[in-house]
Amino acid sequence: MVKIGKWIAKHKNIILVLGLLLIIPSIIGMNMTRINYDVLSYLPGSLETVKGQDTLVDEFGMGAFSMVIVEGMDEKDVVALKEEMKSVDHVADVIWYDDLMDISVPMEMIPSKYEKVFQNGDSTMLVALFDNTTSSDETMDAVTQLRKISAKHCFVSGMSGVVTDIKSLALSEMPIYVLIAVILCLIILSLTMDSWITPFIFMLSIGIAILYNMGTNMFLSDVSYITKALAAVLQLGVTLDYSIFLLNSYEENKKRFPGERNRAMAHAISNTFKSVVGSSVTTIAGFVALCFMTFKLGTNIGIVMAKGVAIGVVCCVTLLPALVLTFDKWIDRTTHKPILPDLGRLSAFITRHNKVWLAAFLILLIPAIYGNAHTDVYYNIDKGLPDTLKSSVANKKLDEDFHMNNVYMVMLKNDEMDQKEKAKMMEQIEAVDGVKWAIGMESVIGPSVPEDFIPPAVKSKLQSDNYEIQFICSDYKTATDEVNEQVKSIDKIVQSYNKESMVIGEAPLTKDLTVIADSDMRNVNVISVIAIFIIICIVFKSLSLPVILVAIIEFAICVNMAVPFYTGTELPFVASIVIGTVQLGSTVDYAILMTSRYQRERSRGRSKKEAISLAHQSSMKSILISGVSFFAATFGVGLYSKIDMISSLCTLLSRGAIISTVVVICVLPAMFMVFDKLICKTSKGFLPEEAE
């Protein structure tokens, strides 16, 4: 690595030019990467509900639908609006009362329970059917166009409207996320570094690495908006340490090799590469663990972030050294006295009172574990969005005017049931708790009328060559226990008539998500713990240290996750799944840093107390800077974002960084004090060679 470092230092200008040129394809690649705003689309394709959605597109040319509520319009104006809506690209059809009966026939002629489906007071409801999936660009464009042609008293509800609003909100917020993270990190670095220009060099190097990461995402089928929003701030927070390691090593080597900047940088690159690779492996392992989720959003986040950390390491030992050497004179000219006070006394206080911190650990352990296990999680995609969004207003209007909280579908296989069986099945479905109504071809016409008498306009909308669809309206909201039980009951009824029929839509998809997410959270946490346990075991050649270090960070995670329980805060399911593995992978480095120095001092023959004290004092500043920098990169985004899936996750990450920092600085030395004998007996390199 010293030879490679010498080559990098000698050819710094070539590296800078190449690094800047690579920004161009990165920006092109970033713009070519599709952003996915529908998290339900990451459910595995093997699920019956997902297969049903695909079948719906294939059979009916319809992948999604929205309820459109119109206020204060007479029938003729509604008909005109309907025709205008049908002319919008990718609106496959629009269903209203006039598809069932001529507009000249009063609505009072149809059964009252179905009349209220289309009319309630001065509010009228139409159903817009889209020819593509809920989150496709075509469907979102169609929703936008529907809103433009509709009057101000027209509301487009449903998941397609929600996804469209998420896209609009995310696009407006994402640039601000990066700006907030950069400003807060610059403030922290200005307070902790010895030069005013160094923080800007760090931001430039990391910023270019982030662009490389974003640009290489074009090789994925798409990137979730959650991944896109978090990737930059997480990569900044996680890889900032590497830049600090390089600069500190460079300054030390400049003292070793006075006047030989290139040689000093070569040794700095060598030293940094060794420490950074060891540090990054645990972080990458944490992100890779997300790839084992059945819910493929985890794979999406895991691949992008693991790749981002790897790119960050490469840029740290190539691009950053070139930048530092180029601006070395400016760094020296802008040097100032350290603003951060000497931490020696604080370190001595912490190590001297190790029993107090151990007692605090034991006292907090039970409530932390209990709170972590009982934190409430929600799965409703639109729950964490602002009430002022058009989709939120429309969904509220749908509930107020038509008392509809949920609409999903039953897809029946043709030629497997006669009309009487279909009618009987629908009676059973309508008898299920919380079902407001169920509508199919026989609902208005009646089971006694032959199928040939059903109007072709109605038949074409509700029946294909292989399937027939029926709409079900529920009083229950999506992702609640009540609607999940309702979907189970209806699926049982449908399956009793025909095994090839399916219950599909947002509520059934979310029910499957609930089951999968619970399983994923357990699996991902176990995989990340095992992976990092093995890495620590190999690094320190120890059987006891992996248990101690992982236990310390897992305790910090439990404390972090217990806070929402004790404050009565519900978390979005994504945050609860991701936080454990990300916090473990990103902050276990703090514990490894202190442990490495503790191992070195013990191997030199120092006593237990002396080794722990020196390890703590020498690593405390680096751990604080790392933890506070990670906090700075995520805290502001957590406060700013109006999308709860992003806000909650960033809040958890920022709080987790601080908690992990405090736990490592305060509790880990106490653990070393208690388990020193065990560590020395079960680990290599903790005693002088003659003692071993």
Practice task
Tell me, please, which residues at least two apart from Leu179 pass side-chain contact (heavy atoms from CB on, under 4.5 Å).
Solution key: Ile183

Fill in the blank from the handout: One should read off an interatomic distance between Thr239 OG1 and Leu234 CG, to the nearest 0.5 angstrom, of 10.0 Å

Any donor-acceptor pair under 3.5 Å linking the side-chain atoms of [Y] with those of [X]?
X: His90; Y: Asp131; answer: yes
X: Thr133; Y: Gln53; answer: no
X: Thr282; Y: Asp589; answer: yes
X: Tyr476; Y: Asn484; answer: no
X: Thr227; Y: Asn300; answer: yes
X: Asp387; Y: Ser392; answer: no
X: Ser626; Y: Asp241; answer: yes

For [X], which residues count as a salt bridge (Lys or Arg N to Asp or Glu O under 4.0 Å) partner, sequence neighbours excluded?
X: Lys397; result: Glu71, Asp401
X: Asp137; result: Arg34
X: Glu485; result: Lys488
X: Lys51; result: none

Problem - Residue pair Asn525 / Gly580: nearest heavy atoms and the distance that separates them - result: OD1-CA, 3.9 Å

Fill in the blank from the handout: For Ala562 and Thr375, the nearest pair of non-hydrogen atoms, with its separation, is CA-OG1, 4.4 Å

Which residues pass the ring-ring contact (aromatic ring centres under 6.0 Å, His included) test with [X], not counting sequence neighbours?
X: Tyr370; answer: His374, Phe565
X: Phe65; answer: Phe471
X: Phe295; answer: Phe573
X: Phe130; answer: none

Does [X] reach the side chain of [Y], with side-chain heavy atoms less than 4.5 Å apart?
X: Tyr242; Y: Val309; value: yes
X: Ile301; Y: Val578; value: yes
X: Val304; Y: Met214; value: no

Exercise for the section: Determine yes or no for a side-chain-to-main-chain donor-acceptor pair under 3.5 angstrom, with Thr33 supplying the side chain and Gly29 the backbone. Expected result: yes

Problem - Check: Asn523 side chain, Ser519 main-chain N or O, donor-acceptor pair, under 3.5 Å - result: yes

Practice task
Look at Asp382 together with Lys477 and state whether they make a salt bridge at an N to O cut-off of under 4.0 Å.
Solution key: no

Exercise for the section: Keeping to residues at least two apart or across chains, list the salt bridge (Lys or Arg N to Asp or Glu O under 4.0 Å) pairs with something in residues 564-574. Expected result: Lys383-Glu570

Show me the side-chain donor-acceptor pairs of residues 501-509 shorter than 3.5 Å, one per line, residues at least two apart or across chains.
{"from": "Ser501", "atom 1": "OG", "to": "Lys413", "atom 2": "N", "distance (Å)": "3.2"}
{"from": "Ser501", "atom 1": "OG", "to": "Asn498", "atom 2": "OD1", "distance (Å)": "2.9"}

Practice task
Could you pull out all residues at least two apart from Tyr566 that satisfy side chain to side chain donor-acceptor pair (under 3.5 Å)?
Solution key: none

